[in-house]
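Below: the structure, in structure tokens.
In each ligand, atom 1 is the first atom listed, and ligand 1 is the first ligand listed.
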Amino acid sequence: MLTIIKNANVLAPRALGTCDVVICDGRIAAIDTDISLSANNLDIEIIDAQKSYLVPGFVDSLVHITGGGGEGGFNTRTPEITIKDAVYAGVTSMVGALGTDVSTRKLGDLYGKAKALTQDGISCFMYTGSYHVPVETLMGNIRDDIVFIDPIIGVGEIAISDHRGSTPSARELARIAGESRVGGMISGKSGIVSIHVGSGEEYLDLLHEAVAISEVPISQFYPTHTSRSETLLQRSIEFARLGGTIDFTASTSEQILEMGEIRASEALATALDAGVSPERLTISSDAQGSLPSFDNEGILKGLQIGRINSIHEEFALAVNEYKVPIEKALTAVTRNPASILGLKRKGNISQGRDADILLLNPEDLSIESVMAKGSWLLRDNKLVLKTPFINE
Ligand code: ZN
């Protein structure tokens, strides 16, 4: 079956103007102006996009797919993500991660959930490890996990500057990055090291130190939550200027913003204004993670759950509210995360890539339709996804 989406305003994320896009066998087969195909025995679905934006599906580099949290006792463990939530958010690729709790949550669960989400229609990858050092793995070491286990593309999120982490040394971090890098080289993956940056006053110092004492390039580390405070944002902008990529967290709460966090859309605008290359900036949802707030003594004050649709909300807010050019805002949630995660067939509308496509309303950027690997999951705001549990 062939699908032709006609009259779409294509943002690849580079603006290509009004084009037709042909999808065949899960991939983008052609992009051109006014394509017409006719053949007798060919099943062709033709859709008129009526000038909607056609953009790559969002690539979310951090989702606690099996749930996270637990910092306030067992009944503060957060629930796992549903495929429906991902589809409504326009996320067609994501990376699952563990977090603080690796006592009651294990990598085996993460693997099963990642495989399930992929079978249900999107593309789900995962990090080995968790917040903690030494890193717990499935095969016995980071390198083998990346080489031998399909969905594992890197390690993380390793916590630094956080009272919930294990206070790793720069040497330990460098060793983790080295092992992950080699695993990536052998298997053709990124071997990226996702770094959870907490609210401590060491900020990104440990990453600079790890780079200084080793041969690991700064681009091997991928710090997230980097707009947690004004100071951290400024330090992160410096990190990006040196060639690192920084990630802003879309999920937040009024309480956390009041405590000084800069929302992802605003942080993106700030970093671009400061002259950071648009290639070095990404936004992820941190969905299903807990959003705990602590007082000065480290006592838990409140808890909320990260939402996956925050990635779409912050993208739209960046464009509508903070006047970030749409191509640049889109790059931060599609091409850049795909590139740093080493997902070669993701994040771009171009020939040969996976047909992970969103149609957006050009007025308010709301999501109208979602296609992943060539199959429609949402059509004109109606869920058409089929799974063993969603089949009516
Ligand atoms: Zn985190």
Side-chain angles (χ1 to χ4, degrees), residues 60-72 76-81 91 94-103 105 107 110 125-133 135-136 153-168 173 176 180 192-204 206-207 221-229 232-233 235-236 239 244-253 255-257 259-264 267 282-294 298 300 302-308 310-311 314 337 340-341:
D60 193 338
S61 63
L62 184 61
V63 180
H64 295 286
I65 55 175
T66 52
E71 288 99 334
T76 63
R77 296 164 95 254
T78 63
E80 64 177 44
I81 191 124
V91 172
M94 63 170 85
V95 186
L98 296 177
T100 313
D101 175 9
V102 269
S103 296
R105 298 189 188 275
L107 284 169
L110 200 68
F125 307 89
M126 62 181 275
Y127 296 122
T128 189
S130 65
Y131 273 20
H132 304 289
V133 173
V135 174
E136 276 187 45
I153 56 162
V155 57
E157 42 171 333
I158 309 280
I160 63 167
S161 204
D162 196 302
H163 61 98
R164 290 167 289 171
S166 29
T167 321
L173 268 189
I176 288 167
S180 188
I192 198 77
V193 184
S194 164
I195 298 286
H196 160 103
V197 188
S199 52
E201 287 181 3
E202 288 180 326
Y203 304 105
L204 303 174
L206 209 58
L207 300 186
F221 293 109
Y222 185 24
T224 184
H225 318 314
T226 60
S227 63
R228 213 184 257 288
S229 67
L232 179 58
L233 176 59
R235 302 283 185 100
S236 302
F239 184 85
T245 301
I246 54 174
D247 182 64
F248 304 126
T249 300
S251 287
T252 188
S253 67
Q255 199 184 13
I256 290 173
L257 290 169
M259 287 164 65
E261 182 174 62
I262 294 99
R263 61 183 328 139
T282 69
I283 295 176
S284 65
S285 72
D286 199 13
Q288 310 310 115
S290 63
L291 302 172
S293 47
F294 298 96
L300 184 75
L303 205 62
Q304 290 187 43
I305 302 173
R307 295 170 307 110
I308 195 162
S310 62
I311 193 168
E314 290 301 307
I340 190 161
L341 297 169

- Criterion side chain to side chain contact (heavy atoms under 4.5 Å, CB included) against Tyr222, the qualifying member of Val193, Leu62, Asp247: Asp247
- Message: To 10 degrees, how wide is the angle NE2 (His225) to the Zn ion (ligand 1) to OE2 (Glu157)?
- Response: 130°
- Message: Under the rule for ring pair (Phe, Tyr, Trp, His ring centres under 6.0 Å), what residues qualify as partners of His64, not counting sequence neighbours?
- Response: none
- Message: Is there a side-chain contact between Pro337 and Asp60 in this structure, where contact means two heavy atoms from C-beta onward sitting under 4.5 Å apart?
- Response: no
- Task: Mind checking side-chain hydrogen bond (donor to acceptor under 3.5 Å, both in side chains) for Glu80 and listing every partner two or more places apart, or none if nothing turns up?
- Result: Lys113
- Of all the N, O or S atoms in His196, the one nearest to the Zn ion (ligand 1) is ND1
- Backbone or side-chain N/O/S of Asp286 under 2.8 Å of the Zn ion (ligand 1): no
